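Everything below concerns the one structure shown next.
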Amino acid sequence: MQKPKKAKTISSTQSLSSFVKSICDIMRRSNCASALQYVPELTWILFLRILDAQEERDRGAAEAVGGTFTPALVSPFRWQDWAAPFSEKPDHPITGEGKPFGWKRQELFAKGDGNLFDFINAELLPHLHGLDIDARTGLPNPAASRKQRIIGRIITAVERVRVDSETNLRDILDKVHEISIDNIDDTHFFTLSQVYEDLLLKMGEKNSDGGQFFTPREVIRAMVHTIDPQPGETVYDPCCGTGGFLAIAYEHIARNQGNSPASTDIDTLKHDTFFGREKENLVFPIALANLVLHGIDQPNLWHGNTLTKRATYGALFDNAPKTFDVLLTNPPFGGKEGNDAQKNFAFETGSTQVLFVQDILAELAPGGRCGIVLDEGLLFRTNESAFVETKRKLVDECSLWCVISLPGGVFSTAGAGVKTNLLFFTKGKKTEKIWYYDLSHIKVGKKTPMTLGLFGFGTDGETLDDSLLPATLTADLLEDEASHGKPFPSYARLFSSRGTPAGESRYSWTIDFADRRKVAREEMQPYLEEAAHLKGEVVTLKEKLKVLRKNNATTAEIEDFELKIKDTEKSSRDALAKADEIDASVFDLKAVNPNVVTRLDLRTADEIIGNIEEQGKIVADALNTLKGLLQ
C-alpha cells in the first residue's frame with residue numbers, strides 16, 4: 001500500500017512559490033522540458049485540485065444550513081477519488097459516499113504500473129471533455145452547468161497525460177494535494193494566483209513563443225490604477241492572453257469593495273463583471289484557470305478569433321453585453337491579418353493592432369474608458385490610410401486624455417523588444433487636449449524590469465512618497481540644483497493635474513490637439529483651393545479640347561492641349577497630396593518630449609584627449625599592479 005506523505009505547512013507566497021517550483025522540477029524531468037509544456041500540464045492538475053477543494057467547501061456550507069448541493073464532478077472523477085493520497089488511518093478524510101480519499105488511486109496502484117495512466121487517458125479526460133461537449137454531435141451540451149462548461153474548456157487541450165512516468169505523476173499529485181483545502185480562502189487564493197502568475201511569466205520569457213500572450217503585470221497594475229474600474233462596471237479584454245488584465249482588475253475592484261461587501265456585489269463581481277476573448281488553443285484554458293485561481297469562479301471567456309468573429313467555443317460568453325464600460329488590453333505586436341479579418345472593418349489593413357483599435361471603438365460603451373498598449377509605429381505612422389483614418393476615428397469619437405511613453409525594454413522579458421506606449425481614452429467626446437508623460441529615459445530590461453514604483457504608484461494605487469521612489473526614476477532630476485526641495489513629478493503625483501499647468505514638468509507636457517487640427521486646416525486651405533482651381537482649369541481645357549477636335553484642329557494643337565490637361569491634373573493631385581500630408585501629420589501621436597534636458601559635452605578636443613590619456617594611465621597602473629601580484 002502507498003504511504004501518504006505528511007502535508008507541509010505552506011504559509012507564504014515565497015514558500016508556496018518554492019513548493020510549486022519543486023513540482024515543476026519533477027515535470028521538467030518527465031517530458032515537460034519547457035514552460036510552454038509544463039505550465040499547461042500543471043494548469044489542469046492544479047485546477048482539478050482547487051475545484052475539489054471548492055466543491056468540498058460548498059458542499060459543507062450547503063449541508064450546514066440543510067440545503068442541497070449539486071457537484072460538478074461525481075465519483076470516481078473527483079480529485080479526492082483518483083488523485084488524493086490514500087491512507088487507512090482513522091483520521092483520514094472520507095468522501096460523501098463514505099470511502100477514504102484516494103480510494104480509486106489505491107485501487108489502480110494495486111492493479112500495477114500503467115493503470116493510473118490508463119484511467120486518466122481513457123476514462124477521466126474523456127469524461128471531463130464530455131461535460132460541456134456532446135461527443136455524438138460535437139456541440140455544446142445543453143444540460144451542462146456553467147461550472148461544467150468551465151471544466152470542459154480548461155481540459156479541452158489535454159488529450160493525454162504528458163508526464164511520462166507514473167512514479168513522477170504520483171509525486172506531482174502528492175505535492176499538489178498538499179495545497180490543502182484549509183488554504184482555499186480569498187487570501188490564499190491571491191497567494192496561489194501570484195505563484196501561478198510567476199509560472200505564466202516563464203511562458204513569456206525571451207526565446208519563448210509564450211511572450212505574445214503575456215503583459216508584464218506591473219504595467220497592467222499601472223493601467224488599472226489609471227482607469228480605476230468600479231463595482232458594477234463591465235470589464236473586457238478582446239485579446240486576453242493569460243487573463244492578466246481581467247485578473248488584476250478583479251483584484252483592484254475587490255480591494256476597493258472593502259472587507260464586508262454585500263453578497264450580491266460579490267456575485268456580480270465574480271459572475272457578471274469580467275469578459276474576454278482569446279484565439280489560441282494553448283492559452284484559452286490557461287486564461288480560464290488563471291481567473292478561477294484569482295477568485296473569478298465563473299469567467300466569461302469566448303474562444304475564437306476576435307477579428308474574424310469566428311468562434312471556436314462561445315457558450316461561456318452568452319451573458320456578455322454588446323458594449324463594455326471598461327476595456328483593458330494589449331493587442332499583439334506586429335501581427336498580420338488576412339482578408340477574412342480585414343473585411344469586417346471600415347479601414348482595411350493587415351496590421352493586427354490597427355484592426356483591434358477599430359474593434360475596440362465599436363465595443364466600448366458611450367462614456368466607457370479604455371487603457372491600451374500600442375507599439376510606437378502605430379502612433380507615428382502616417383503613410384498608410386488605414387493607420388491615419390483609425391487614429392482620426394479614435395480622436396473624433398473619444399477623448400484621448402493620456403499617453404505614457406514607456407522605455408524600450410519593457411517587453412524584453414516577454415520576448416518582444418518593441419518600443420511601446422500606453423493610451424487612455426474615454427468614448428463620447430472629441431479629443432481636445434492630450435497629456436503626455438515620458439518614462440522612456442529609464443533603463444529597463446530582463447534583469448531590471450518595469451516596476452509599479454517607476455509610475456510612482458504603491459501596491460494599492462497610492463501615490464508614493466519621494467523617499468520610496470526608485471533611484472533609477474529620480475536620479476537625473478536630483479542632479480538638477482533647481483529641483484532640490486521640490487516633490488518629484490512622478491506620473492502618479494501629476495495624474496490628477498493632467499492638462500493643467502500643475503501637470504507640466506520635465507517629464508510631462510500637454511498638446512492642444514484641437515489647436516493642432518485648426519492650424520493644420522489653415523495650412524491645408526491654400527493647397528485645397530489650388531487643387532480645386534486646377535480641377536476647374538482641367539474642366540475648361542477638356543471643353544476646349546472637344547471644340548478643337550470638332551473643328552479638326554491639327555494633331556500638334558490637340559497633343560499640346562492633351563499635355564496641358566495632363567500637367568494640370570498632376571498639379572492638382574500634387575496640391576491635394578500636400579494637403580493630405582499636412583492633414584495626416586496631425587495624427588502623428590508619438591510622444592516627443594519638448595522639455596527633455598540634453599547634456600552637452602563642452603570640453604575642447606585637447607581636454608578630451610587629455611582625459612583619455614589619464615584613463616589610459618590608470619589602466620596601465622592597474623595592469624602593472626596585477627602583474628606584480630602574479631610574480
Side-chain angles (χ1 to χ4, degrees), residues 213-217 219-253 256 268-269 272-279 287 291 294 296 299-302 304-307 309 316-317 319-333 335 344-346 351-375 378-379 390-391 393-404 420-431 434 589:
F213 314 117
F214 190 88
T215 303
R217 276 11 185 187
V219 173
I220 293 178
R221 288 190 172 88
M223 294 174 69
V224 170
H225 290 325
T226 298
I227 289 291
D228 191 23
Q230 297 296 307
E233 292 185 320
T234 51
V235 181
Y236 172 60
D237 184 349
C239 43
C240 67
T242 56
F245 281 102
L246 301 177
I248 290 172
Y250 168 79
E251 292 172 8
H252 180 89
I253 298 175
N256 291 340
T268 298
L269 183 63
D272 303 316
T273 297
F274 301 99
F275 301 84
R277 300 179 192 264
E278 176 52 44
K279 178 177 71 172
L291 296 182
H294 274 79
I296 307 173
N300 300 282
L301 296 190
W302 184 88
N305 189 318
T306 303
L307 300 179
K309 313 301 182 186
L316 296 177
F317 209 68
N319 298 328
K322 291 188 179 298
T323 57
F324 302 89
D325 303 314
V326 170
L327 208 148
L328 292 157
T329 191
N330 177 13
F333 305 134
N344 294 320
F345 298 95
S351 170
T352 301
Q353 283 207 333
V354 173
L355 296 183
F356 264 111
V357 171
Q358 294 183 59
D359 182 71
I360 285 162
L361 294 176
E363 297 199 278
L364 191 61
R369 309 182 305 288
C370 176
I372 183 172
V373 183
L374 293 176
D375 71 57
L378 193 153
L379 264 65
T390 298
K391 288 183 282 187
K393 184 177 177 67
L394 168 62
V395 297
D396 280 348
E397 296 183 1
C398 304
S399 174
L400 174 60
W401 40 267
C402 179
V403 176
I404 302 177
T420 52
N421 297 263
L422 308 181
L423 275 67
F424 301 95
F425 51 87
T426 301
K427 189 172 182 179
K429 186 180 178 182
K430 273 190 174 184
T431 298
I434 307 173
L589 302 177

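Note that this is a predicted model, so its numbers are computed, not measured.
- Test Y236, W302, Y250, F324 against F275 for ring-ring contact (aromatic ring centres under 6.0 Å, His included) and you get one pass: F324.
- Summarising the geometry of P238 relative to T306, their closest heavy-atom pair is O-OG1, 2.7 Å, with the distance given to 0.1 Å.
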Residues L379, V403; criterion side chain to side chain contact (heavy atoms under 4.5 Å, CB included); working and verdict
CA-CA 10 Å; L379 264 65; V403 176; 4.2 Å; yes
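- The two residues F317 and G276 come nearest to each other via the heavy atoms CE1-O, 3.6 Å.
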Let me see the working for N421 and I404 under side chain to side chain contact (heavy atoms under 4.5 Å, CB included), right down to the final yes or no.
CA-CA 5 Å; N421 297 263; I404 302 177; over 6 Å; no
Please determine whether side chain to side chain contact (heavy atoms under 4.5 Å, CB included) holds for the pair F245 and V326, giving the CA-CA distance in whole Å, both sets of side-chain angles, and the decisive distance to 0.1 Å.
CA-CA 11 Å; F245 281 102; V326 170; over 6 Å; no
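- Of the inter-residue distances, the one linking L328 atom CG with F424 atom CZ reads 8.0 Å to the nearest 0.5 angstrom.
- Minimum interatomic distance between Q353 and P331 (heavy atoms only, all atoms of both residues): NE2-O, 3.0 Å.
- The line from CG of N319 to CG of D272 is 6.5 Å long, rounded to the nearest 0.5 Å.
- Between the CG atom in L361 and the CG atom in D396 there is a gap of 10.5 Å [rounded to 0.5 Å].
- Atom CG of residue L589 and atom CG of residue L378 lie 8.5 Å apart, to the nearest 0.5 angstrom.
- Taking 4.5 Å as the limit, some side-chain heavy atom of V357 sits within range of a side-chain heavy atom of I372.
- A salt bridge does not link K322 to E363: none of the charged side-chain nitrogens sits closer than 4.0 Å to a carboxylate oxygen.
- Nearest heavy-atom pair, P332 versus F356, reported as atom, atom and distance to 0.1 Å: CD-CE1, 3.9 Å.
- Proximity of N344 to L307: side-chain heavy atoms (C-beta onward) are nowhere separated by under 4.5 Å.
- Using a 4.5 Å cut-off on side-chain heavy atoms (C-beta onward), I220 and N330 make no contact.
- Taken to the nearest 0.5 Å, the CG atom of N256 stands 6.5 Å off from the CG atom of D228.
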Kindly determine whether C402 and L423 satisfy side chain to side chain contact (heavy atoms under 4.5 Å, CB included), including the steps that lead there.
CA-CA 6 Å; C402 179; L423 275 67; over 6 Å; no
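- The environment of K429 atom NZ is sparse: at most 12 non-hydrogen atoms of other residues, nucleotides or ligands sit within 6.0 angstrom.
- In this structure, L400 and F425 approach most closely via the heavy-atom pair CA-CB, 3.7 Å.
- At least one donor-acceptor pair closer than 3.5 Å links the side chain of K427 to the backbone N or O of L364.
- Here CG of L246 is found 7.0 Å from CG of L301. Values are rounded to the nearest 0.5 Å.
- At a threshold of 4.0 Å, the pair D359-R277 does not count as salt-bridged, since none of the basic side-chain nitrogens sits closer than that to a carboxylate oxygen.
- When only modelled atom types and interatomic distance are considered, T234 and D325 share a side-chain donor-acceptor pair under 3.5 Å.
- Looking only at side-chain heavy atoms (C-beta outward), V373 and F333 come within less than 4.5 Å of each other.
- Counting heavy atoms from C-beta outward, Q230 and I253 have side chains that stay 4.5 Å or more apart.
- In this structure, the side chain to side chain donor-acceptor pair (under 3.5 Å) partners of T329, at least two apart in sequence or on a different chain, are D237.
- Between I227 and G371, the shortest heavy-atom distance links the atoms CD1-N, 3.8 Å.
- Annotation: side chain of P229 is in contact with side chain of H252 (closest heavy-atom distance under 4.5 Å).
- Not one N or O on the side chain of T426 forms a donor-acceptor pair closer than 3.5 Å with the backbone of G367.
- Salt bridge R369/E233: present, at least one basic N to carboxylate O contact under 4.0 Å.
- Side-chain contact check for K309 versus N305: every heavy-atom pair is 4.5 Å or farther apart.
- Residues E397 and K430 fail the side-chain proximity criterion, which asks for heavy atoms closer than 4.5 Å.
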